[in-house]
Number of protein chains: 2
Amino acid sequence: MSEIHSLMRKKSSGRAETEALLLAAAESVFAEQGFGGATTAAIAKRAGLPKSNLHYYFPTKEALYRAVLANVLEAWLAAAASFDRAASAEQALTAYIEAKMDLARQFPLASRIFASEIMRGAPLVQDFLETTLKAWLAQREPIIDGWIAAGQLRPLSAKTLIYMIWATTQHYADFAHQIKTLNGGHDLSTREFDAAKRQVVETILGGILIERP
Amino acid sequence: MSEIHSLMRKKSSGRAETEALLLAAAESVFAEQGFGGATTAAIAKRAGLPKSNLHYYFPTKEALYRAVLANVLEAWLAAAASFDRAASAEQALTAYIEAKMDLARQFPLASRIFASEIMRGAPLVQDFLETTLKAWLAQREPIIDGWIAAGQLRPLSAKTLIYMIWATTQHYADFAHQIKTLNGGHDLSTREFDAAKRQVVETILGGILIERP
DNA sequence: GTCTATAATCGGATAGAC
DNA sequence: GTCTATCCGATTATAGAC
């Protein structure tokens, strides 16, 4: 029925597509302006739609923001999985750092929205921090402590190590504009980014691994 | 004349004090909400003053934001100085990392405002990035390259190293809320923070220094 | 589902009494 | 210098035609 109808229109290819369009526009505006600074007018304009359409798909600005946040957290969880399923400390941490670097490069907006949300005091992701994130960290700490006990890593705080990894990798998303400016106005090329990724891995692992005799 | 008058009033101890009060309130609101999300009403309320007083001291919201930013950049430059005046790579980098960690702990709001400004695309600090920051980095890169040539450091990109230091240290300011949540709801104690500082220094230096025979 | 028009409120900034 | 009251454009959200 309405399928035929929508096949006849060139624009608005369907509910799912319009929602995705709005979510993408919202992601970029929220990443730039934060929740408070973003306006539904700016989001609608970036999506090329009238403001009222936005409210048809998402009743309120906060509902739209929540939908964007859900995608952000989903991407985070996907990268988190790469920590596991590795035999040695070196393999597990290398895989995790590389996954987080790739995430920062592929989804910089998601990283910025998360950062902005934390700086606001996490009004909407506090539950995620206290349950999912805290549990993830609590499960990895004994693994890291185990590597220390096994003589693979120098004695250190697992939390502090994880914070270093988060900070260093997310920096490439959150401060991409600063990095671009200091790189002569050009974004890092794939080659430059891969070199940075390698150096980050080597510096952190070099700083914590105990050499095998 | 008006001096006597102001001595008789218990509140509003003078122009400088009122300005400082407003700047402090503005700093905390801008750090939480970003430029766009902050409202002059919220800032005035946090300062305990009517909105109109804010506009008496700072004609526009942007003027107030600029004044806050100036303080932020001033603090940044103070910490930057600790890089220099050290004989060895180990001493210089240790001093710099420690200074940046102390800055993050002492002035977390400044760090968050800077981060938020960069994520917006640096509309007001682009000039600082292109001149002061770029020059600072350009002056330090040959120093780091010199340490590599002298066999003090493993071969690496100086820029990538500096980014790691910025990222890791600023994380303790920008993500303090997340760290607090993952620390059982308590901010890091001085002891915990000092331990983190030590581990950050040891990990980075351990990852880049060449052992002296 | 989409659009124009509009209601209702918020927020930056000002007027003018004190 | 400080305060209350207020203007007016911006912003969220809705109404109602198509």
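We name chains A, B, ... by the order of the sequence lines, and we start the count at 1 in each one.
Separating the NZ atom of A:Lys45 from the P atom of C:dC3 is a distance of 16 Å, rounded to the nearest angstrom. Straight-line distance from the CD1 atom of A:Ile43 to the C1' atom of D:dT11: 12 Å, rounded to whole Å. One interatomic measurement links the two molecules: CD of A:Glu19 to P of C:dT2, which rounds to 11 Å at whole-angstrom precision. Rounding to whole angstrom units, CG of residue A:Asn53 and C1' of D:dC18 are separated by 13 Å.
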| said: Pair A:Thr181, B:Glu130 - check side-chain hydrogen bond (donor to acceptor under 3.5 Å, both in side chains), show working. | reply: CA-CA 7 Å; A:Thr181 298; B:Glu130 287 177 358; 5.3 Å; no
| field | Candidate pair B:Glu32 and B:Arg46, rule salt bridge (Lys or Arg N to Asp or Glu O under 4.0 Å), full reasoning | value | CA-CA 13 Å; B:Glu32 270 175 30; B:Arg46 196 161 300 191; 3.4 Å; yes
| request: Check the pair B:Ile162, B:Phe83 against side-chain contact (heavy atoms from CB on, under 4.5 Å), reporting the backbone distance first and the verdict last. | output: CA-CA 11 Å; B:Ile162 294 293; B:Phe83 184 99; 4.2 Å; yes
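If you check residues 22-40 of chain B against DNA chain D, you find no residue with a heavy atom closer than 4.0 Å. The stretch residues 54-66 of chain A comes close to DNA chain C through A:Tyr56, A:Tyr57, each having a heavy atom under 4.0 Å from the strand.
In this structure, B:Glu19 pairs ionically with B:Arg15, as a charged nitrogen and a carboxylate oxygen lie closer than 4.0 Å.
Here the closest heavy-atom approach between residue A:Leu124 and residue A:Glu62 is recorded as CD2-OE2, 4.0 Å. When every heavy atom of B:Arg105 is checked against every heavy atom of B:Leu188, the shortest pair comes out as NH2-O, 3.2 Å.
For B:Lys51 against C:dG12, a side-chain-to-base donor-acceptor contact under 3.5 Å is present. Scanning atom types as modelled, one donor and one acceptor separated by under 3.5 angstrom connect the side chain of A:Ser52 and the base of C:dT4.
Judged by distance alone, the side chains of B:His177 and A:Gln126 do bring a donor and an acceptor atom under 3.5 Å apart.
At a threshold of 4.5 Å between non-hydrogen side-chain atoms, the residues A:Gln170 and B:Phe175 count as touching.
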